[in-house]
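Shown next, in structure tokens, is the structure this report addresses.
Every chain is numbered from 1 and lettered A, B, ... according to where its sequence line falls, protein lines coming before strand lines.
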Protein chains: 2
Amino acid sequence: MTAAHDEIFRTLADPTRRAIFERLCREGEKTVGALTARAGVSQPVVSKHLAALKRAGLVRDRPEGRQTHYSAEFAALAPLVDWANEMTSFWEKKFDALEDLLKRMDQ
Amino acid sequence: MTAAHDEIFRTLADPTRRAIFERLCREGEKTVGALTARAGVSQPVVSKHLAALKRAGLVRDRPEGRQTHYSAEFAALAPLVDWANEMTSFWEKKFDALEDLLKRMDQ
DNA sequence: TTGATGTATAGCTGGTGAGCTATGAATTGG
DNA sequence: CCAATTCATAGCTCACCAGCTATACATCAA
């Protein structure tokens with residue numbers, strides 16, 4: 001349902017959180033400390049954002065000793081793309097309908 | 001930059017607002033009154049959401065007499081899809097790199 | 001002109017969440 | 001065993017925003 005999209009949209013809506021996710025996509029697995037270094041916010045905030053991303057299924061954590069490695073879960077973006085494609089599909093259907101109409105008017 | 005995505009994500013993050021946008025996509029142009037009828041919120045709230053959607057470029061308004069018709073602006077979803085595709089592209093690049101590595105190790 | 005209708009705006013309130021500091025918990029090094 | 005490091009959690013504050021009602025504004029009908 002729409003509830004599934006809800007968490008993804010809401011999670012990616014925050015710029016700081018989206019930036020963290022983007023870094024994980026571009027640069028691969030990173031520790032909390034490495035992410036904090038250039039996040040522009042404090043370490044607890046980064047941890048909180050990572051927890052939110054994990055709840056949404058957008059990242060995966062790999063604890064190793066006293067540090068935790070996070071990596072992007074690309075597949076989690078699929079519902080978002082599917083949703084967007086579904087929305088635009090209604091647009092195409094309208095064109096199809098218009099095309100149909102014009103074809104009928106032609107006859 | 002990311003600021004462009006920012007407004008789109010933030011605008012679509014709200015369930016009520018996204019539902020309104022979805023209805024405009026599925027059912028085409030609608031007046032404020034028609035949208036309010038099944039929105040589950042008051043008319044001023046619907047108007048406010050429509051204003052937000054318009055600011056984000058997601059809808060277009062067509063005033064006609066005392067009522068205003070709104071319709072979806074499908075093209076506005078493009079940046080969202082592009083962003084998602086860009087993110088997943090990093091995933092594919094990693095596979096390419098891995099493939100490269102394995103190929104080299106084979107030699 | 002007057003009243004009714006459709007939409008937008010103003011102003012308020014409550015809830016949510018992003019940021020902070022302080023601290024707890026777990027692990028590593030000496 | 002002790003100190004340092006790394007991360008997560010707790011508790012707080014502040015700003016923002018979705019929702020409401022009331023009302024202004026514009027348009028149509030009679």
Side-chain angles (χ1 to χ4, degrees), chain A residues 1-24 27-73, chain B residues 2-3 5-24 27-73:
Chain A
M1 287 288 281
T2 180
H5 305 133
D6 215 21
E7 196 173 30
I8 297 182
F9 272 113
R10 188 164 33 82
T11 303
L12 292 175
D14 181 78
T16 304
R17 194 156 48 222
R18 197 170 62 254
I20 291 175
F21 178 72
E22 279 199 33
R23 274 197 68 192
L24 290 175
E27 308 174 13
E29 196 182 68
K30 288 253 176 294
T31 67
V32 177
L35 289 170
T36 302
R38 298 182 181 177
V41 292
S42 66
Q43 172 268 315
V45 169
V46 172
S47 282
K48 201 174 173 185
H49 281 310
L50 288 168
L53 287 166
K54 185 182 173 186
R55 251 181 281 122
L58 286 162
V59 301
R60 173 175 156 66
D61 64 334
R62 182 174 65 81
E64 189 187 41
R66 57 185 165 183
Q67 50 192 0
T68 311
H69 299 261
Y70 282 89
S71 54
E73 200 77 66
Chain B
T2 181
H5 305 132
D6 215 21
E7 198 173 30
I8 298 182
F9 271 113
R10 188 163 34 83
T11 303
L12 292 175
D14 182 76
T16 305
R17 194 158 48 220
R18 196 170 62 254
I20 292 175
F21 178 71
E22 279 198 33
R23 275 197 67 195
L24 290 176
E27 308 174 14
E29 197 182 67
K30 288 255 176 293
T31 67
V32 177
L35 289 169
T36 301
R38 298 183 179 175
V41 291
S42 66
Q43 173 268 314
V45 169
V46 172
S47 282
K48 201 173 171 185
H49 281 311
L50 287 168
L53 288 167
K54 186 181 171 187
R55 250 181 281 120
L58 286 161
V59 301
R60 173 175 158 67
D61 64 333
R62 183 174 65 82
E64 188 187 42
R66 54 184 167 185
Q67 51 191 0
T68 309
H69 299 260
Y70 283 87
S71 54
E73 200 76 67

Determine whether the side chains of A:Thr68 and A:Glu64 contain a donor N or O and an acceptor N or O closer than 3.5 Å.
no
Give each protein N/O atom lying under 3.5 Å from an N/O atom of nucleotides 27-30 of chain C, with the pair distance.
from: C:dT27; atom 1: O2; to: A:Arg66; atom 2: NH1; distance (Å): 3.3

Atom pair distance, as rounded to whole Å: [atom1] in [X] and [atom2] in [N]:
X       : N      : atom1 : atom2 : answer
B:Leu50 : C:dA8  : CG    : P     : 7 Å
A:Gln43 : C:dA25 : CD    : C1'   : 13 Å
B:Phe9  : C:dG17 : CZ    : C1'   : 19 Å
A:Arg18 : C:dG17 : CZ    : P     : 17 Å
B:Lys48 : C:dC12 : NZ    : P     : 13 Å
B:Arg10 : C:dA18 : CZ    : C1'   : 14 Å

Find the distance between [atom1] ([X]) and [atom2] ([Y]) and round it off to the nearest 0.5 Å.
X       : Y       : atom1 : atom2 : value
A:Tyr70 : A:Lys54 : OH    : NZ    : 6.0 Å
B:His69 : B:Arg60 : NE2   : CZ    : 12.5 Å
A:Arg17 : A:Leu12 : CZ    : CG    : 8.0 Å
A:Asp61 : A:Leu50 : CG    : CG    : 9.0 Å
B:Arg10 : B:His5  : CZ    : NE2   : 13.5 Å
A:Gln43 : A:Leu35 : CD    : CG    : 11.0 Å

Quick test of your reading of the model: are A:Arg18 and B:Asp6 salt-bridged, counting only N-O distances below 4.0 Å?
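B:Asp6 and A:Arg18: salt-bridged.
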Salt bridge or not between B:Arg55 and B:Glu7? Use side-chain N to carboxylate O under 4.0 Å.
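Answer for the salt bridge query: no.
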State whether [X] places a side-chain N or O below 4.0 Å from either non-bridging phosphate oxygen (OP1 or OP2) of [N].
X       : N      : result
B:Thr68 : C:dG6  : no
A:His49 : C:dG19 : yes
B:Tyr70 : C:dG6  : no

Heavy atoms from C-beta onward define the side chain here; which of C:dG19, C:dA10, C:dT7 lies closest to that of A:Val41?
C:dG19
Name the residue closer to the 5' end of DNA chain C, choosing between A:Thr16 and B:Val32 according to the nucleotide with the nearest heavy atom.
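The 5'-side residue here is B:Val32.
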With nearest nucleotides of DNA chain C determined for A:Asp14 and B:Gly33 from heavy-atom distances, which residue corresponds to the more 5′ nucleotide?
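It is B:Gly33 whose nearest nucleotide is closer to the 5' end.
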Check every strand shown and say whether B:Pro44 touches a base, only sugar-phosphate, or nothing at a heavy-atom separation below 4.0 Å.
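The answer is base, as B:Pro44 lies within the cut-off (heavy atoms under 4.0 Å) of a base atom.
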Distance under 4.0 Å to a non-hydrogen atom of chain B counts as contact; along DNA chain D, which nucleotides mark the start and end?
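Span of nucleotides near chain B: D:dA18 to D:dC28.
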